[in-house]
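I have placed the structure first, in the form of structure tokens, so that the comments after it can refer back to it.
Naming convention: chains lettered A, B, ... in sequence-line order (proteins, then strands); numbering from 1 in each chain. What you see below is based on every heavy atom in this structure, not just the backbone, and it leaves out hydrogens, waters and symmetry mates.
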There are 2 protein chains.
Amino acid sequence: MGQSLLPPEPVIYLVEPFGGPIRRQNPNMPHVFWDDAAVTRGDGVFETILVRGGRALNLDKHLARFTRSAAALALPEPDAQQWVKATEEAVADYCRERMLDDDPSLAPEAKCMWTMTRGRETTGVPTAWLTVRPVADDVLRQREEGVAVVTTPRGLSVAADVPWMAVEAKTLNYAASMAALRWARSQGYDDVIYTEPTDDGERVLEGATSSVVMVKKDQRLRTPAPGPGILPGTTQAALFDYASERGWKCKAKDIYLGELYKAESVWLVSSTRICARVTRLNDKKLPVPDNEAEIRELIAAAVGR
Amino acid sequence: MGQSLLPPEPVIYLVEPFGGPIRRQNPNMPHVFWDDAAVTRGDGVFETILVRGGRALNLDKHLARFTRSAAALALPEPDAQQWVKATEEAVADYCRERMLDDDPSLAPEAKCMWTMTRGRETTGVPTAWLTVRPVADDVLRQREEGVAVVTTPRGLSVAADVPWMAVEAKTLNYAASMAALRWARSQGYDDVIYTEPTDDGERVLEGATSSVVMVKKDQRLRTPAPGPGILPGTTQAALFDYASERGWKCKAKDIYLGELYKAESVWLVSSTRICARVTRLNDKKLPVPDNEAEIRELIAAAVGR
């Protein structure tokens with residue numbers, strides 16, 4: 001079996017936003033300028049994609065969301081072929097450089113991140129690149145062990161009726177989510193689920209970097225419907241597509257906090273962590289469901305297609 | 001009078017977050033890494049400071065806010081002495097390199113920007129730097145000619161009661177404000193004023209990158225009180241300090257949209273633009289006040305101290 005002799009350096013490819021050549025970037029050299037909109041304004045979009053067996057997974061859904069995010073921020077439309085080609089080359093490099101044998105299916109999982117920013121103030125040309133690097137250890141551990149989760153108001157409530165608001169964009173503006181995660185960790189939790197107070201109770205939104213999926217009895221899956229404060233999840237969508245074909249009843253509709261406590265199980269699903277079962281929600285331990293292994297396999301198979 | 005023979009290249013200094021040496025950075029070389037929190041999460045804080053006559057203005061208030069922003073994001077406390085020293089050196093370089101004579105008081109105005117990010121994922125050490133560069137032409141023009149402003153909901157409403165929310169931090173998360181400005185320009189406006197619907201009418205918050213100041217008769221100045229959705233303004237604070245000493249009655253309290261239409265004049269105040277009079281608010285032209293020159297001088301003197 002292949003084992004790396006090299007330190008796990010990321011593979012970085014710079015992508016020309018208007019269809020020019022792609023080229024490998026030395027990861028020990030910075031490539032982002034001080035006047036890049038990503039740096040000065042967090043003004044850009046990204047995707048995080050799981051790489052397994054030498055292949056970037058769930059690529060169509062990531063491409064679709066990346067394109068929607070770019071449109072929402074009035075960035076140029078990403079050239080799908082070019083991003084796919086750059087991803088394939090980077091993943092191939094990554095697998096080749098980490099293995100003693102020639103079978104990419106044996107390469108460890110990796111995380112591919114696409115970024116496109118509005119670019120340098122002085123040029124106005126978007127900056128775009130992708131990175132491929134190992135999946136972090138705590139992500140792998142949370143897949144296995146699950147996560148303790150605390151609920152919190154989002155703090156920012158996003159209006160649906162503002163003409164310029166990029167509700168559906170996955171932007172680089174994650175400072176608030178990072179603050180929420182720091183706070184959660186300081187309280188002994190691993191993650192947060194955002195909730196919103198309503199007349200019907202605490203409505204469930206999403207995790208800091210994940211979608212919430214609730215498993216109910218009789219093979220039912222639920223997730224909060226995307227909208228203001230709820231980014232459409234690529235992993236959740238892949239899961240619902242796949243599970244529906246296998247007889248699960250899948251619905252995106254409002255979920256309230258009380259329902260999470262009563263569910264068979266609650267999961268945070270996202271690209272690289274795939275799924276982490278919520279083992280504790282606020283002060284309440286959530287019991288291990290009988291079908292835990294089945295759910296894991298369902299999600300893993302759904303994203304592996 | 002001094003005139004530049006050189007292209008207006010920015011002066012960039014890298015600042016060691018824990019008090020190490022400062023050093024000049026070549027502006028033609030990128031210095032921000034692909035895994036810097038500023039790039040991946042917009043996770044950092046900044047200040048924008050006006051440089052005039054070879055001196056960075058209103059420095060105490062910028063230092064105080066920079067320190068508050070860092071604390072709100074759990075970043076290390078900026079070393080005030082070091083930032084002041086780096087600013088002085090950078091400003092001195094900037095003036096020297098743009099002049100034929102030796103009198104920095106003749107150097108054109110410049111914009112100094114401080115940035116501190118959470119740093120590279122791989123090192124965990126904050127990245128910090130400052131830049132000094134010319135004030136943009138459209139900023140100078142708006143000072144003279146004023147701005148047409150459209151009001152819009154913020155889209156994001158910020159809750160005050162969330163334990164981890166960095167309400168008072170001036171973070172790099174400006175993608176939404178940039179989207180608001182693009183939308184305003186597409187509608188024929190120069191800027192926005194955010195408002196929030198309340199039972200008492202549209203409450204005025206702030207501009208996209210400025211504070212709102214309203215001038216009323218009998219030498220009265222008003223600004224919305226800082227709080228969720230309203231960042232404390234350094235220029236507004238300098239103005240109120242200075243004007244109070246000169247007999248103006250200055251108050252920070254709720255302002256509603258209807259009051260702006262009836263004011264003697266309305267201004268957007270911020271560090272580099274200093275002040276831009278609102279000449280049009282939505283579909284209504286705001287008349288030139290008798291004391292326009294007096295107000296301009298008041299603000300200019302306030303920030304020039």
Contacts of B/Thr195 that satisfy side-chain hydrogen bond (donor to acceptor under 3.5 Å, both in side chains) - sequence neighbours left out: B/Glu202
I'd like to verify something: which residue of A/Thr171, A/Leu73, A/Asp36, A/Asp35 has the highest number of heavy-atom pairs under 4.5 Å with chain B? A/Leu73
Are there residues of residues 110-123 of chain A whose heavy atoms fall under 4.5 Å of chain B's heavy atoms? If so, which? A/Arg118, A/Arg120, A/Glu121
In terms of heavy-atom proximity below 4.5 Å to chain A, should B/Ile12 be classed as side chain, backbone, both, or neither? side chain
Greatest number of non-hydrogen atom pairs under 4.5 angstrom with chain A, of B/Gly42, B/Ala180, B/Ala184, B/Ala179, falls to B/Ala180
Non-hydrogen atoms of A/Val32 and B/Val39 that approach each other most closely: CG1-CG2, 4.1 Å
With sequence neighbours excluded, what pairs up with A/Tyr174 under the ring pair (Phe, Tyr, Trp, His ring centres under 6.0 Å) test? A/Phe46
Between A/Leu181 and chain B, which part of the residue has a heavy atom less than 4.5 Å away: side chain, backbone, both or neither? neither
Are there residues of residues 21-31 of chain B that reach to under 4.5 Å of chain A by heavy atoms, and which ones? B/Pro27, B/Asn28, B/Met29, B/Pro30, B/His31
